[in-house]
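What follows is a set of notes on a single structure, which appears directly below.
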Amino acid sequence: MATFNLTPSNPSTFSLSGILGLEAAHDWISIPVSMSYIISLLGNFMLLFIVGKEQTLHKPMYLLLSMLALTDIATCTLVVPKALCIFWFNLKSITVGGCLTQMFFLHMVSFTQSAILVTMAFDRYVAICNPLRYTTILTNARVTKLGLVGLIRSALFILPLPLILSRLPFCANHIIHQTHCEHMAVAKISCGDITVSRMYSLVMAFVVSGIDLMLIALSYGLIIRAILKMSSKKAHQKALNTCTAHICVMLTTYTPGLFTSLTHRFGQGIAPHVHIILSNLTFLIPPMLNPIIYGVKTKELRDKVGKYTSRMCSWGH
């Protein structure tokens, strides 16, 4: 990714501004940012460790949870270390190749996460609407293949973005008003025509997210229909409980992402620091909350976390 063709007039490095207008508060802002990063890493690595260690959790649902945890680790790791370098050491410089590489992986991981959430919705649909055939429809091998398809789809759809940008001229202004290389923030500093780049990113965001959300809505429509047909109240409750965690994760993932995407393109009256903070929260909040949501809402996982936590406490004594 670092060998993009650059026109002779192009710079070899860009400069990331940090949070515009709040430079004096960078040290204070770094505290919640670094804390949320530590919580994200601890939560997601603990989830991966427990699922890996416990044979009883080697099932499609927990394999999907592990995939989600990997995307969460990747998301915050792609953003936070560079942001902290800006906040603590004022290291704002980033090579053009490095910037386009960061942008590619950031957007690719976001699209992959969306594909995993669709597969999770399908998993819940099969578990509730066709429980007797669950083990034959959703095997670990099939879930792994679906994850790989989601990853390849994301890479193919996102690859044109850095390729289009690499062919644009960047003249006098090399300052990206962001803490990371987000597509629209990079595109805005070009002195060339960014119409193709802007339209492609908008179409991709709406087509991919739109199709994924439609598939999730379809799954939940069928789930709700199946729940309404259940006669027992206990069965109702059990079916709803299996979906709660997934719904919460979807809300934490899609809501900030769509909101940030729309404000970046259509919120011209919004102050720059608000755009930057919102964009960072999109990459900070879901990785921090997702393992907590599943840890609290999934009894099997909660029991295993309790088991390992008590074991660690007994070792401490």
Side-chain angles (χ1 to χ4, degrees), residues 59-72 74-75 106-161 199-230 238-262 282-283 285-287 289-290 293-294 297-298:
K59 304 190 267 201
M61 180 185 165
Y62 294 101
L63 181 57
L64 285 165
L65 266 184
S66 299
M67 289 179 187
L68 189 69
L70 286 170
T71 62
D72 281 339
T75 299
L106 255 183
H107 293 296
M108 187 190 77
V109 169
S110 294
F111 274 20
T112 305
Q113 198 167 53
S114 186
I116 292 165
L117 289 172
V118 173
T119 313
M120 285 174 128
F122 179 63
D123 169 79
R124 292 301 83 207
Y125 158 72
V126 177
I128 291 166
C129 302
N130 217 333
L132 297 176
R133 293 186 60 210
Y134 181 83
T135 50
T136 53
I137 295 171
L138 275 171
T139 61
N140 284 346
R142 194 162 286 165
V143 166
T144 305
K145 282 175 189 170
L146 286 169
L148 280 171
V149 167
L151 183 68
I152 294 162
R153 177 197 77 159
S154 306
L156 292 175
F157 281 149
I158 292 300
L159 190 59
L161 282 181
M199 288 307 297
Y200 183 81
S201 72
L202 194 63
V203 168
M204 277 303 98
F206 278 102
V207 167
V208 174
S209 299
I211 289 171
D212 288 356
L213 285 167
M214 274 171 57
L215 290 170
I216 290 167
L218 176 66
S219 295
Y220 274 97
L222 294 168
I223 287 167
I224 290 163
R225 191 178 71 173
I227 288 171
L228 291 173
K229 285 181 181 175
M230 291 175 184
K238 192 181 174 185
L240 284 169
N241 281 344
T242 64
C243 298
T244 312
H246 182 247
I247 292 165
C248 291
V249 166
M250 277 197 310
L251 289 172
T252 63
T253 304
Y254 282 115
T255 312
L258 287 171
F259 185 70
T260 304
S261 184
L262 291 170
T282 304
F283 298 115
I285 291 173
L289 292 183
N290 289 349
I293 291 166
Y294 273 102
K297 289 287 182 185
T298 313

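Counting begins at 1 with the first residue of the sequence. Predicted model, so just to flag it, every value in this text is computed and none were measured.
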> What's the shortest heavy-atom distance between F157 and Y200, and which atoms?
Replying inline: O-OH, 2.6 Å

> Is there side-chain contact between M67 and T119, with heavy atoms separated by less than 4.5 Å?
Replying inline: no

> If you look at every heavy atom in R124 and C243, which pair is closest and at what distance?
Replying inline: CB-SG, 4.4 Å

> Can you find a heavy atom in the side chain of K59 that is under 4.5 Å from one in the side chain of L138?
Replying inline: no

> Say you draw a straight line from CG of L68 to OG1 of T253; how long is it, rounded to the nearest 0.5 Å?
Replying inline: 6.5 Å

> Looking at OG1 of T75 and CG of L70, how far apart are the two atoms once the value is rounded to the nearest 0.5 Å?
Replying inline: 10.5 Å

> Looking only at heavy atoms, which two atoms of T136 and R142 are closest? And how far apart?
Replying inline: O-NH1, 3.4 Å

> I137 versus F122: any side-chain heavy-atom pair under 4.5 Å?
Replying inline: yes

>> Within this structure, what is the CE-CE distance for the pair M199 and M204, rounded to the nearest 0.5 Å?
In response: 11.0 Å

>> Donor-acceptor pair, distance only, cut-off 3.5 Å: does the side chain of S110 make one with the backbone of L106?
In response: yes

>> Do P60 and T139 make a side-chain contact, defined as non-hydrogen atoms from C-beta onward lying under 4.5 Å apart?
In response: no

> Once you round to the nearest 0.5 Å, how far does OG of S66 lie from CE of M61?
Replying inline: 11.0 Å

> How far apart are the closest heavy atoms of I116 and T71, and which atoms are they?
Replying inline: CD1-CG2, 3.7 Å

> In Å and rounded to the nearest 0.5 Å, what is the CG to CD1 distance from L222 to I227?
Replying inline: 11.0 Å

> Which heavy atom of I216 sits nearest a heavy atom of A121, and at what distance?
Replying inline: CG1-CB, 4.0 Å

> Can you find a heavy atom in the side chain of V118 that is under 4.5 Å from one in the side chain of L146?
Replying inline: no

> If you measure only the distance, is there a donor-acceptor pair under 3.5 Å linking the side chains of Y134 and D123?
Replying inline: yes

> Does the side chain of D212 reach to within under 4.5 Å of the side chain of L117, using non-hydrogen atoms?
Replying inline: no

>> Please report the interatomic distance CZ(R225) to CD1(I223), rounded to the nearest 0.5 Å.
In response: 11.5 Å

>> If I compare all heavy atoms of T112 with all of G150, which pair ends up nearest, and what's the gap?
In response: OG1-O, 4.2 Å

>> Checking ring-ring contact (aromatic ring centres under 6.0 Å, His included) between H246 and each of Y294, Y125, Y220, which is the one that passes?
In response: Y220

